[in-house]
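Working notes for the structure below.
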Amino acid sequence: MTGIDSLRNVLELECRKGYTDKAVIGGLDKYLHKQAGQIRQSLVLSLNEVKTKELIPQLVSGFDELNLANSNYGSYGMDERERWMANVFGWLDKIEKATKTNRRQESVVSSQESGDRSQKTGDRSQKTEARSQEPGVRRQETGVSSQRRREGLDSPITVIRGITPTVANKFAKLNVRAVGDLLYFFPRRYVDYSRRKPVSELIVGEEQTIIGKIWEAGVATLGNRKGTEAIVGDKTGNVRVVWFNQPYLAKRFRTNARVVISGTVGLFKGHKVFESPEWELLEDKELIHTGRLVPVYPLTQGLYPRQVRKWTKETVDDYAGQLSDFLPSAIQARCQLLDLPAAIAQIHYPDDLAMAERARGRLSFDELFLLQLGVLARKRDWKEGQPGNAFHIDQEVINRFLQCLPFTLTQAQERVLQEILTDLKQAKAMSRLLQGEVGSGKTVIATLALLIAAANGYQGALMAPTEVLAEQHYTNICNYLSRVGTQEPGSEPGEGTIRCYTGFLSRPLTIALLTGSLSNNEKERLHDKIKQGKVDIIVGTHALIQKEVEFKKLGLAVIDEQHRFGVLQRSALRQKGFNPHVLVMTATPIPRTMALTLYGDLDLSVIDELPPGRQVVKTKCLESQDREKAYSFLHRQVSNGRQAFIICPLIEESEILEAKAAKTEYERLSREVFPDLKLGLLHGQMPGNEKEEVMRHFRAGELDILVSTSVVEVGIDVPRASVMMVEGAERFGLSQLHQFRGRVGRDKEQGYCLLIPEKLSPEARERLRLMEKVHDGFVLAEKDLELRGPGEFFGTHQSGLPDLKLAKLTDLHSLELARREAITLFQSDPNLTKDEHQPLRQQLSRVWAGGAEWS
Ligand code: ADP
Ligand code: MG
């Protein structure tokens, strides 16, 4: 084995051992110091095999720059070790690429020698083999080859030079495993280093690029730590460049080397200086870190921007050409979209911002288009695939129920009821989304639908996202039923969770509550009853879709607060019955186009009217100096037997910080402001059962004030709550503020919403003023979109929404375009059977096969 090979073996072992310096006894440095001479000799020998002779000086100087004879690996921290390793592997890969014949066999032999060599080494030797058989496939060191590689897009990313198994593990955390994933690993943004300037014209404070010669470079003490300092000049002048904490760079910068520096120019003691800029030696390669729009990737610990760019560039150059364009050319032409390989290349390394935008346009079209097609197919499969159960609508039953209600239905409720009844009569399963504000009376309508199912001899299920909400629905439905029928007393010992009503249908009607907190015994008993068809209506949480729950004859499934449930849960519940009717309810107002996309497999009904006499929650936007007044207002309300919520500011992207802040606020309020009242705390970091417990206490009136983060339940009903105070109000979207205030004023007493902003910009003031004037959730949702722009609309948590990398659901224009094209295509070839649609069909099944990611 040559010195180079053994070096590679040792280093790969060291990578596998997690950079612990355990690959060789006595440490890596000792080995390197001793072996450096021999490695250099084997290098010199292998140079005979290098085909492109011009590369030789670079290979040798590359080796000398590594300075293995004086390595200092043992003294490095983990990050530095990794960086050092990447550097050496970079060089080893260059050698491997430059030499081809003979080395292959040695490589194969050596991989047999050590049984536990990494996967990667195996791949490498195969790769070398493949290449040596097909010399034409080799890629030149400079220039970019458009030749295809042998490896397919499904190969693990370790086929890319320099991606060690350790690195691959880090990429796996970002869901990047195969070469194809890396192509679809998009930059978050770009830094514009395309503006090149002569040194004399550099402007302080701007991002600029210079190309010049290194006059001198060396290790320097910057602040009190070691770094690298260089003087770089062109014909017009020179400028100082420093890199903090990166002394190892010094040896990369040889005097007179040509270098590209990109970054922001600062001032130090009156002189211009680049501080830790991006840099790149100007060889004959295309620039990837400087002098252009440079991609910025989402990174995980231990992945360095320079490495990642090197890898994405290589992957794009070598593999993007392998992507077959699945989009029918007619659509591409009509929508003026880039072809797929070009779009992928341009999204990573765009020629300019306009091209980046076009690339984004094409790729986000793909996402929305595939989403729409999938959704349309689901709707078709659902509707036409299997027959549903046509219910007989007994007007008697409906009238009896309606007559017992203490109110008459609103016009909107009437209309929606008719839409639902029309669906239920069909021998096709209903698939309907019911949108309506909190308190608009959705539950009454759902209850009626459940009763009709029962009257037809079918079971009905109502699924809510939390136990508290499920309990609430159960209580409400029981209340409605007790007006119509008589509750059978003591029919069941655990009567809290199962009740029976007579006098409504010609037979007794049984309703049960199924949640995770039932004892195993109770659960089993309930499961049995459900299976035997002894329960007509089952209200519950996720517990309803567990495997153990078998229905005898599920005819209708109602799902409340859809945005908490994904497509998958929806279909899980569907599969519990023989194609049951499905009614989904949500109180989150969503503009129509968006709803059609997200819930495109559902028909849409809207209750756009509140019951008469419903009070408007008085809303006031205060200044922070009014906080004390607000507190005394809360205190007075509590003294009058009311309850209050205090919502803590939203902290984007960190539930942990948010929880901490809420806890601090809760403690402060308990100690300093309301020492005489009973306060509760609710935040997203609490375990589910604790959250439920706190909500229960609050609902039962055992707490006066609930201090909460934004997790406070949508749809929760606390009749005595009259004040909603929101801190940091400007951080929330209007829709969310509207949801918050829907929590109070649920009975006859006046409800109040106090908005306290932290910082009040004129724009924020205008937004919050709208809350004082507008009380229609749909109008506020549209305003939200208009004012806050796309992306902000849903807040940070989009559970239940598909994972879209580039497309924005709030980009209504793209959404409509994709939907139109999807519908057109669907009409002409619904099963995608035409030849020209085969690639699309495959892509569709690929995207939707990862179903878990779509919910
Ligand atoms: P949602 O589920 O849409 O939040 P609910 O069905 O729970 O609304 O109704 C909220 C409250 O309004 C309940 O107390 C209900 O009894 C009452 N309600 C429903 N419909 C009407 C109506 N048409 N007129 C008056 N009150 C109604
Ligand atoms: Mg509700």
Side-chain angles (χ1 to χ4, degrees), residues 398-399 401-420 432-452 460-466 468-484 511 513 537 539 556-565 583-590 595 604-617 695 699 712-722 724 735-736 738-751 775-778 780-781:
I398 297 177
N399 291 345
F401 180 76
L402 291 181
Q403 273 155 23
C404 287
L405 291 180
F407 48 77
T408 50
L409 295 186
T410 60
Q411 275 184 14
Q413 280 172 314
E414 281 286 357
R415 188 186 63 235
V416 167
L417 177 62
Q418 288 315 317
E419 287 167 356
I420 292 172
R432 188 167 283 281
L433 175 69
L434 172 52
Q435 277 194 297
E437 287 228 38
V438 176
S440 61
K442 300 183 293 293
T443 314
V444 195
I445 302 297
T447 307
L448 243 175
L450 290 165
L451 289 175
I452 288 167
L462 169 57
M463 182 158 87
T466 65
V468 177
L469 283 172
E471 281 168 19
Q472 189 175 300
H473 278 311
Y474 178 69
T475 315
N476 284 345
I477 294 179
C478 289
N479 282 345
Y480 287 135
L481 290 179
S482 60
R483 292 169 170 280
V484 196
I511 169 165
L513 176 67
I537 297 174
V539 181
L556 170 67
V558 180
I559 307 177
D560 192 19
E561 296 307 344
Q562 166 64 18
H563 59 289
R564 302 286 197 89
F565 293 113
L583 178 66
V584 170
M585 304 196 291
T586 177
T588 312
I590 309 172
L604 204 57
S605 286
V606 184
I607 303 187
D608 50 4
E609 178 188 0
L610 287 179
R614 185 56 53 83
Q615 60 155 301
V616 158
V617 175
M695 271 323 295
R699 234 185 128 207
V712 67
E713 298 305 344
V714 171
I716 199 75
D717 202 354
V718 185
R720 282 171 53 214
S722 64
M724 169 61 65
S735 289
Q736 200 168 8
H738 186 63
Q739 293 282 354
F740 286 151
R741 80 177 158 192
R743 307 274 69 76
V744 298
R746 310 272 293 182
D747 64 0
K748 280 163 221 63
E749 301 289 328
Q750 179 62 52
H775 291 267
D776 179 328
F778 279 94
L780 289 171

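Counting convention: from 1, in listed order, for ligands and their atoms alike. Everything numeric in this text was worked out from a predicted model, so none of it was measured.
- For ligand 1, the polar-atom distance check against Gly441 finds a nitrogen or oxygen pair separated by under 3.5 Å.
- Nearest to atom 7 (O) of ligand 1 by heavy atom, out of Thr443, Asp560, Leu434, is Thr443.
- At a heavy-atom distance under 4.0 Å, only backbone atoms of Thr408 (N, CA, C or O) approach ligand 1.
- With Leu462 as the partner, the side-chain contact (heavy atoms from CB on, under 4.5 Å) test is satisfied by one option alone out of Leu450, Leu556, Ile537, Leu513: Leu450.
- Leu451 CG to Ile398 CD1: the interatomic distance, rounded to the nearest 0.5 Å, is 9.5 Å.
- At least one N or O atom of Gly439, backbone or side chain, sits closer than 3.5 Å to an N or O atom of ligand 1.
- Put simply, part of Ser440 is less than 4.0 Å from ligand 1, judged by heavy atoms.
- For Thr410, heavy-atom contacts with ligand 1 shorter than 4.0 Å involve the backbone as well as the side chain.
- Looking at heavy atoms from C-beta onward, Ile445 lies in side-chain contact with Leu409 at the 4.5 angstrom threshold.
- Once rounded to the nearest 0.5 Å, the distance linking OG of Ser605 with CZ of Arg415 reads 8.0 Å.
- Side-chain atoms of Glu749 and Ser722 include no donor-acceptor pair closer than 3.5 Å.
- Atom NE2 of His738 sits about 7.0 Å away from atom CG of Asp776, to the nearest 0.5 Å.
- Counting atoms of ligand 1 from 1 in the listed order, those under 4.0 Å from a heavy atom of Tyr480 are 15 (C), 16 (O).
- At a 4.0 Å heavy-atom cut-off, ligand 1 touches Glu437 through the backbone alone.
- Of all the atoms in ligand 1, the ones that sit under 4.0 Å from a non-hydrogen atom of Leu409 are 23 (N).
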